[in-house]
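Sequence lines set the chain letters: A, B, ... in the order given, protein chains first and strands last, and positions in each chain run from 1. What you see is a predicted model, and the numbers here were worked out from it, not measured in a lab.
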2 protein chains.
Amino acid sequence: MSKPTLKSVAKALGVSTATISNAFNRPDQLSVALREKILSACTELGYDGPNKAAQSLRKGSSGIVAVILSDSLEYMVSDPVASQFLQGVARELERQQKHLLLFSGNSTNLDTITDFVDGFICYGAPRNLGLIGQLRQCKKRVLTVDFDLPGRPSVNIDNEQAAYDSAVAVLKPDDVVAVLGLRLIDALDSRPVADAPMWDNLSSVSHRRLDGYQRAMGELGLTLADDALWHIPESNQHFAEVAAKAVLSQSPRPTVLLCMSDLIALSAMRVALQLGLQIPEQLRVVGFDGIEETLRYHPTLSSVWQFSDKKGEAAARAFQSGLDDNQLLPYELRLGESS
Amino acid sequence: MSKPTLKSVAKALGVSTATISNAFNRPDQLSVALREKILSACTELGYDGPNKAAQSLRKGSSGIVAVILSDSLEYMVSDPVASQFLQGVARELERQQKHLLLFSGNSTNLDTITDFVDGFICYGAPRNLGLIGQLRQCKKRVLTVDFDLPGRPSVNIDNEQAAYDSAVAVLKPDDVVAVLGLRLIDALDSRPVADAPMWDNLSSVSHRRLDGYQRAMGELGLTLADDALWHIPESNQHFAEVAAKAVLSQSPRPTVLLCMSDLIALSAMRVALQLGLQIPEQLRVVGFDGIEETLRYHPTLSSVWQFSDKKGEAAARAFQSGLDDNQLLPYELRLGESS
DNA sequence: CTGTTAGCGCATTCAA
DNA sequence: TTGAATGCGCTAACAG
């Protein structure tokens with residue numbers, strides 16, 4: 001005996017298929033008594049409700065939301081900021097009784113899943129830029145986070161202003177500044193940006209942060225030396241160390257490190273301490289993101305807290321709301337011992 | 001103009017729907033020339049292949065695999081062992097061109113998604129035990145990892161033997177032993193197991209490990225004091241510290257700590273060092289899992305390495321293979337400075 | 001309150 | 001090689 005279907009159940013109970021359907025989907029369409037009877041009969045028969053795939057075909061919506069990660073799942077899961085974001089999305093989706101389909105930003109084809117999902121929450125510009133074109137044309141709902149797509153709703157923080165605030169908080173008039181930037185150019189290793197062409201619009205978060213840093217420096221009459229702006233391809237210990245070591249051995253040695261992620265900042269502090277530098281006396285450091293680990297580290301890190309879990313919740317809520325606005329979330333500058 | 005369908009495209013090209021379908025799914029059913037023509041015409045029309053939802057309804061398979069986590073997504077993403085596993089699954093699924101649907105072990109109802117997916121990879125017994133019953137009856141393919149379900153394929157390591165090996169490697173005849181166990185009883189805080197009824201079969205991994213420890217101790221004539229077997233509800237710093245502090249202040253003080261996860265072992269070592277104990281002279285510690293962090297810590301931890309990413313890949317492969325055997329993966333005992 | 005009907009978009013016989 | 005017909009399992013109109 002195969003799995004019962006709505007039709008087979010209807011026949012078994014001697015009622016029409018619509019009645020069964022209504023019993024599950026529109027309780028007001030039939031008497032309580034009948035509904036009760038049908039429902040209990042269904043459990044008897046081992047029928048646990050309408051087939052969701054058929055339902056999705058018929059209704060055009062499945063209750064599944066795809067989250068497109070900017071990178072591979074592999075990378076995302078190991079990055080505390082990304083996983084916090086995911087946690088927030090998951091929490092809110094669970095509240096909405098929706099399901100979460102994880103989609104890698106390296107994938108080539110959106111349409112392997114578009115038909116299954118109600119839409120996309122896109123966390124950061126996908127590494128495979130081809131996806132962007134597909135997302136723009138996609139008929140389904142698309143919400144972007146940490147970047148923008150014309151005509152689509154988005155959730156962001158004001159990265160320029162946040163970076164500006166963080167720089168203003170640490171900078172002093174005679175500082176020598178270095179910036180440890182995240183994904184500023186198209187290179188797979190840590191290196192000075194120098195003359196390499198900037199990726200412009202896509203990883204815009206980083207560029208807005210850079211703008212913010214530079215605005216703050218400008219106001220203090222500070223300038224950024226050519227070799228003092230570094231590109232770091234991924235927010236991890238290794239790549240950050242390479243950059244930090246290089247930058248801290250330059251002369252004049254920087255007195256301030258503006259770091260585009262907390263992970264980078266922590267690595268940089270580790271390197272600085274190994275070099276025997278005193279923080280904050282000889283070197284001040286400021287990060288970006290706000291992750292728990294910075295609180296356990298000594299010295300604690302000054303950073304922009306952007307509450308990624310809340311961002312995830314906000315994204316899932318905004319996705320659900322159907323509103324098409326571009327939302328700006330609050331952030332908070334928190335000063336620690338590193339400045 | 002709405003999205004083209006197979007039918008509309010067929011009409012536009014003046015051929016039958018079957019021909020279009022064949023052009024995409026069964027190239028051998030029509031001439032190369034015609035196929036070429038159809039395919040290019042389709043891209044013209046903006047038709048990028050059969051609707052996957054309809055296809056899934058028709059064929060009964062979707063290419064989506066659900067991974068059921070034992071806990072909330074929240075917890076899993078923050079646990080290095082679990083995320084390593086997920087990485088492995090994701091990597092292999094990507095290879096298979098399949099998609100990953102994440103499903104929380106707290107959820108109540110499997111059948112919100114069963115109809116969408118080709119089956120389930122279930123990582124550890126789900127926290128909501130109700131799911132287990134549903135999984136047993138599920139018509140779709142179910143593969144379990146780190147626990148077993150009658151008649152279902154599974155991927156495991158030999159936890160009893162691994163635990164035994166690890167204990168044998170650290171124990172000496174006159175040792176005082178304490179066990180920091182993971183999820184041994186149904187309690188939300190860290191506490192001695194004492195007389196609390198053991199959860200038996202479900203979180204069986206822990207109990208098999210305990211069996212292994214006890215076999216090793218038995219062979220050395222050692223016994224485990226009643227208050228020396230602790231339950232820790234989650235593999236995290238806080239709960240582990242509580243247990244470690246308690247155990248290390250007992251008298252006689254343990255000379256060996258058998259820990260059911262590396263995270264627990266690391267916390268325990270931290271506590272021990274704070275108490276001024278010398279490792280391994282006054283206290284030897286052994287962990288379980290094998291995570292990178294133990295290599296960066298000083299002293300490095302002796303532990304059972306179970307290569308969770310490989311386990312994830314193996315699970316995804318076994319799921320795909322259709323074979324119904326119970327697979328036992330290799331592990332490796334690696335000794336560090338902690339013993 | 002209940003039953004009938006007509007698709008949702010497609011893949012697969014079967015006959016031509 | 002192709003086309004017509006049937007149904008995957010369900011829901012929304014509509015009629016009763």
Side-chain angles (χ1 to χ4, degrees), chain A residues 1-39 41-42 45-63 111-118 139-140, chain B residues 1-39 41-42 45-63 111-118 139-140:
Chain A
M1 180 194 82
S2 69
K3 215 182 170 199
T5 71
L6 192 152
K7 199 199 289 183
S8 75
V9 169
K11 191 157 38 177
L13 295 193
V15 298
S16 108
T17 59
T19 306
I20 308 289
S21 173
N22 284 333
F24 282 97
N25 300 315
R26 313 169 55 170
D28 52 311
Q29 297 295 299
L30 70 176
S31 67
V32 189
L34 180 56
R35 186 176 129 89
E36 291 287 298
K37 202 181 72 181
I38 289 179
L39 257 35
C42 282
L45 294 172
Y47 179 73
D48 38 36
N51 179 298
K52 306 293 175 186
Q55 218 166 18
S56 142
L57 177 60
R58 182 62 232 252
K59 308 215 266 204
S61 84
S62 63
D111 43 52
T112 50
I113 52 160
T114 41
D115 296 328
F116 289 122
V117 304
D118 294 344
K139 304 277 186 195
K140 306 229 170 174
Chain B
M1 181 195 81
S2 69
K3 215 182 170 200
T5 69
L6 192 152
K7 200 199 289 183
S8 75
V9 169
K11 192 158 37 181
L13 296 192
V15 298
S16 114
T17 58
T19 307
I20 308 289
S21 173
N22 284 332
F24 281 97
N25 300 315
R26 314 167 57 170
D28 52 310
Q29 298 294 299
L30 69 175
S31 66
V32 189
L34 179 56
R35 186 176 129 89
E36 291 287 297
K37 201 181 71 181
I38 289 181
L39 257 34
C42 282
L45 294 171
Y47 178 74
D48 39 37
N51 180 298
K52 307 292 177 190
Q55 218 166 20
S56 142
L57 177 60
R58 181 63 233 253
K59 306 215 266 207
S61 84
S62 63
D111 43 51
T112 50
I113 52 159
T114 41
D115 296 329
F116 288 122
V117 304
D118 293 345
K139 303 279 186 194
K140 306 228 170 176

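- One axis for each end of the helix from dC1(C)-dG16(D) to dA16(C)-dT1(D), each built from five base pairs, and the angle between them comes to 40° at 10° resolution.
- In this view, Ser8(B) and Pro4(B), Thr5(B) satisfy the side chain to side chain contact (heavy atoms under 4.5 Å, CB included) rule, not counting sequence neighbours.
- For Leu57(A), the side-chain atoms get nearest to dG9(C) when compared with the rest of dG3(C), dG9(C), dT2(C).
- Summarising the geometry of Val15(A) relative to Ile20(A), their closest heavy-atom pair is CG2-CD1, 3.7 Å, with the distance given to 0.1 Å.
- Mapping Thr17(A) and Leu30(A) onto DNA chain C by nearest heavy atom places Leu30(A) at the nucleotide closer to the 5' end.
- In terms of modelled atom types and a separation under 3.5 Å, the side chain of Ser61(A) and the main chain of Asp118(A) share no donor-acceptor contact.
- The side chain of Pro50(A) sits closest to dC10(D) out of dC10(D), dT2(D), dT2(C).
- Taking the nucleotide of DNA chain D with the nearest heavy atom to each of Asn51(A) and Asp28(B), the more 5' of the two is matched to Asp28(B).
- If you find the closest nucleotide of DNA chain C to Ala18(B) and to Ala54(B), the one lying nearer the 5' end belongs to Ala54(B).
- For the OP1/OP2 pair of dG9(C) and a distance below 4.0 Å, the side-chain nitrogens and oxygens of Tyr47(B) include no atom meeting the criterion.
- Ion pairing of Lys3(A) with Asp115(B) is present here, as a side-chain N (NZ or NE/NH1/NH2) and a carboxylate O approach within less than 4.0 Å.
- Between Arg58(B) and the phosphate of dG9(D), there is no side-chain N or O to OP1/OP2 separation shorter than 4.0 Å.
- Lys140(A) contributes a side-chain N or O that, together with a main-chain N or O of Thr114(A), makes up a donor-acceptor pair within less than 3.5 Å.
- Neither OP1 nor OP2 of dT4(C) sits under 4.0 Å from any side-chain N or O of Ser16(A).
- Between the NZ atom of Lys7(A) and the C1' atom of dG7(D) there is a distance of 7 Å, given to the nearest Å.
- Rounded to whole angstrom, the span from the CD atom of Gln55(B) across to the P atom of dA11(C) amounts to 5 Å.
- Comparing dC10(D), dT2(C), dA12(D) against the side chain of Thr19(A) picks out dT2(C) as the nearest.
- Distance CZ (Phe116(B)) to P (dC10(D)): 12 Å, rounded to an integer number of Å.
- The distance from atom CZ of Phe24(B) to atom P of dC10(C) is 10 Å, rounded to the nearest whole Å.
- We find that NZ of Lys11(A) is positioned 13 Å from P of dC10(D), with the value rounded to whole Å.
- The distance from atom CG of Asn25(B) to atom P of dA11(C) is 5 Å, rounded to the nearest whole Å.
- Between the CD atom of Gln29(A) and the C1' atom of dA13(D) there is a distance of 11 Å, rounded to whole Å.
- Atom-to-atom, NZ of Lys59(B) to P of dG9(D) comes out at 16 Å; the value is rounded to the nearest Å.
- Between the side chain of Arg35(A) and the backbone N or O of Pro27(A) there is no donor-acceptor pair closer than 3.5 Å.
- Residue Leu6(A) places its side chain closer to dC10(D) than to any other of dC10(D), dA4(D), dA11(C).
- Side-chain atoms of Phe116(B) and Ser56(B), non-hydrogen and from C-beta on, never get closer than 4.5 Å to each other.
- Within the nucleic acid shown, Asp115(B) has no heavy atom closer than 4.0 Å to any nucleic acid atom.
- Heavy atoms only, all atoms of each residue included: Phe24(B) and Pro50(B) are closest at CG-CD, 3.7 Å.
- Side-chain proximity of Thr5(A) to the nucleotides dG9(D), dA11(C), dG3(C) is greatest for dG9(D).
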